[in-house]
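Inspection log for the structure reproduced underneath, given as structure tokens.
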2 protein chains.
Amino acid sequence: MAITIKDVAKAASVSPATVSRVIADNPRISDDTKKKVRETMKHLGYYPNFQARNLVIQKTQTIGIIMADSATLAFQNPFFPEVLRGISSRAHESKFGLYLSTGATTEEIYEEVISMTQGKRVDGIILLYSRIGDKIMEYLYNSNIPFSVVGRPDVHTDSISYVDNDNVGNAREVVNYLIGLGHQGIAYMGGGLEYVVSLDRLKGYQNALEKASLSFDPDLIVNQSISVGLEEQAVRRLMELQKPPTAIVTHDDLIAYELISYLQDMKIDVPGDVSVLSFNNHSLSEHLKPPLSTVDISIYELGIHAAELVLEKIKDREAPVREITVPSRLIERGSCRSL
Amino acid sequence: MAITIKDVAKAASVSPATVSRVIADNPRISDDTKKKVRETMKHLGYYPNFQARNLVIQKTQTIGIIMADSATLAFQNPFFPEVLRGISSRAHESKFGLYLSTGATTEEIYEEVISMTQGKRVDGIILLYSRIGDKIMEYLYNSNIPFSVVGRPDVHTDSISYVDNDNVGNAREVVNYLIGLGHQGIAYMGGGLEYVVSLDRLKGYQNALEKASLSFDPDLIVNQSISVGLEEQAVRRLMELQKPPTAIVTHDDLIAYELISYLQDMKIDVPGDVSVLSFNNHSLSEHLKPPLSTVDISIYELGIHAAELVLEKIKDREAPVREITVPSRLIERGSCRSL
DNA sequence: CTGAAAGCGCTTACAG
DNA sequence: CTGAAAGCGCTTACAG
């Protein structure tokens, strides 16, 4: 059996209560006692048992991380590791641990979230996505559990702490940029429309067209799910339209390069024949040919702030709801050309 | 306060012990009682408190995942999400949760590992890397904690459960393949030599040269750390040698494409002037130009087996040590040419 | 400044 | 088949 507080107490000739107070650095304990106890702790190799501690203080010092589903989006998309890096960094600052959802289906994950929150495995939750009609978010919202969301919630928006980019604005800026280059037929290959980010970007796209008095053509919209690879067929269909687009906006750099490869197979040059613009600024995108014009959405910062928000709520349940918008930046590289 | 076993007991007119036994599906409890208790549990919305349960059974049902350090290797390298996906899938099968290390430096991570194991936050550990002289592995080895390693341990190799590819064999095969294409000057840009995988591959590289009676030229070895981006300078130095290589082997696809971009900047064509071969088979590598010849090392399987191994040890501390070799496969694509 | 006691929410011999 | 009691390893009023 491991060393417990009792062993330390006995060895240091004090009570377990005193040892506990030394661990907590209680100011009412004399420095002499503290010193003595600390020495015996070190000497015996004592480490506090989290289970026991957590049970009595009713806290866990850990944050649950929920991804959409492990099989698809979360892991293939380079978004995940980077946002996790941000969360991890902020959590570590506050000595919080990270507990990961492992479910493969929405239903499994839902059960996991309930059990990890009700079962007091975590103090709070970060939802790594915002999806329309999401049961998990609804559950979190209704049970008074501290949580934050990466992405704007579609409902209860004003009563949930979340971090997001200005997706509408980003998309508008991107489309404006392309319009400025002389493009009129601009296609949009977004993620699945169940994700709020996709809807927001679509809205920004439409806004920009409207302002420029360009008509909206539904044929130019391809909304595959974020998770799956780009369908070659969708690209082919797009380029075989009566009036094929001269520019395509995609929602992720890797998708963009997959797209570009299909275009090249069809002898369509980027940016010669078609301009391509994307999101996420993957580390590779400046090195590949063509270097990709892309929007850096500061994924790491999204993670930092998501952690910050849930930590606020954990520390004080009455902490005001906050919404943080992380800046984005369009990086012009060689995948777009002026007409 | 949440619903406890006592509330259920009272509502169902049984003792807390009985409720506990129903949760455990103890066969000595009558079906009638079970039914009654289960109904009240559902009715009251009871969820077992893990902290309490874990405290008494001295288990946590969670595995700690340790990555080299979050700031660098783990997150940028696409290896991490994929191996995590494998671990996650296997852990979920056994209803185990995943607890992530968050430390940014080796020292921080070392402290974390001690505290999460001694503090009984996890039942076992998966080390996502194998590094020479690693304090953490040494600690795990000395304290009787269940753990497994992704990568061959450099010490205590026979007494630690680990999963790995045949790195020596892989590198040999790769170099043989290039030699078969007529290459003689083959450069090797491996990861940092503190990682066993890098050393093993280097050995395989040397083996292959030897067997082909080609001399080993230290100038053709570039060992940057796995974590950092490829130094443009190193590439330049390599190609400005008296006898520059006609083929380069790198340890990751993304690194390979970064390399290719530098070569292109230097007006060196791949595969025209130099062949490039890599490891990891990134999903993008078949789509990019040139499509990359690369070794698929079955990262997902590495994760599955790493989880399997630690789970074995958790279930039975006396379980025999196992070493699992996951198959790899050289995928020939367009980045190598015959001389 | 320190200790004895109760309690966090469970499980599990021991009895019956 | 079921219950009363002890205990997992801590923390924290309450006393002194």
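Below, chain A is the first sequence line, B the second, and so on; all start at residue 1.
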Side-chain N or O of [X] less than 4.0 angstrom from OP1 or OP2 on [N]?
| X | N | answer |
| --- | --- | --- |
| B:Ser15 | D:dT2 | no |
| B:Gln58 | D:dG9 | yes |
| A:Ser30 | C:dT2 | yes |
| B:Thr33 | D:dC1 | no |

For [X] and [N], give me the distance from atom [atom1] to atom [atom2], rounded to whole Å.
| X | N | atom1 | atom2 | answer |
| --- | --- | --- | --- | --- |
| B:Lys6 | D:dG3 | NZ | P | 16 Å |
| B:Lys36 | D:dT2 | NZ | C1' | 10 Å |
| B:Asn26 | D:dT2 | CG | C1' | 10 Å |
| A:Asn49 | C:dC8 | CG | C1' | 13 Å |
| B:Asn54 | C:dG9 | CG | P | 15 Å |
| B:Asp25 | D:dC1 | CG | C1' | 15 Å |
| B:Lys10 | C:dG9 | NZ | P | 13 Å |
| A:Lys34 | C:dC1 | NZ | P | 9 Å |

Side chain of [X]: nearest nucleotide among [options]?
| X | options | answer |
| --- | --- | --- |
| A:Ala17 | D:dT12, D:dC10, C:dG9 | D:dT12 |
| A:Val56 | C:dA4, D:dT11, C:dT12 | D:dT11 |
| B:Ile5 | C:dC10, D:dT2, C:dT2 | C:dC10 |
| B:Ile23 | D:dG3, C:dT11, D:dC1 | C:dT11 |
| B:Arg21 | C:dG3, C:dT12, C:dG9 | C:dT12 |
| A:Leu55 | C:dG9, C:dT12, D:dA13 | C:dG9 |

Taking all non-hydrogen atoms of both residues into account, name the closest pair between B:Ile63 and B:Val122 and its distance.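 Closest approach of B:Ile63 to B:Val122, heavy atoms only: C-CG1, 4.1 Å.
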
NZ/A:Lys34: more than 12 non-hydrogen atoms of other groups inside 6.0 Å: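 Yes, the 6.0 Å shell around NZ holds more than 12 heavy atoms from other groups.
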
Sugar-phosphate only, base, or nothing, as touched by [X] at under 4.0 Å among non-hydrogen atoms:
| X | result |
| --- | --- |
| A:Arg28 | base |
| B:Ile57 | sugar-phosphate |
| A:Val19 | nothing |
| A:Ser20 | base |

Can A:Arg131 and A:Glu194 be counted as an ion pair, charged N to O under 4.0 angstrom?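 Answer for the salt bridge query: no.
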
For A:Thr60 and A:Asp123, what are the C-alpha separation, side-chain angles and deciding distance, and is it a side chain to side chain donor-acceptor pair (under 3.5 Å)? CA-CA 6 Å; A:Thr60 65; A:Asp123 290 337; 2.9 Å; yes

We want to know whether A:Asp134 and A:Tyr129 form a side-chain donor-acceptor pair, criterion being a heavy-atom distance below 3.5 angstrom.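 Yes, because at least one side-chain N or O of A:Asp134 sits under 3.5 Å from a partner of the opposite role on A:Tyr129.
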
Which base, if any, makes a Watson-Crick or G-U wobble pair with D:dA15, both distances under 3.5 Å?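 Partner of D:dA15: C:dT2.
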
With DNA chain D as reference, determine whether B:Pro16 or A:Tyr46 sits nearer its 5' end, using the nearest nucleotide of each.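 By nearest-heavy-atom nucleotide position, the 5'-most residue is B:Pro16.
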
Starting from the 5' end of DNA chain D, give me the residue, A:Pro48 or B:Pro27, whose nearest nucleotide shows up first. B:Pro27

Is the charged tip of A:Arg121 near the ring of B:Phe50: under 6.0 Å from the six-membered ring centre and within 45° of its axis?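 Yes, A:Arg121 and B:Phe50 form such a contact.
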
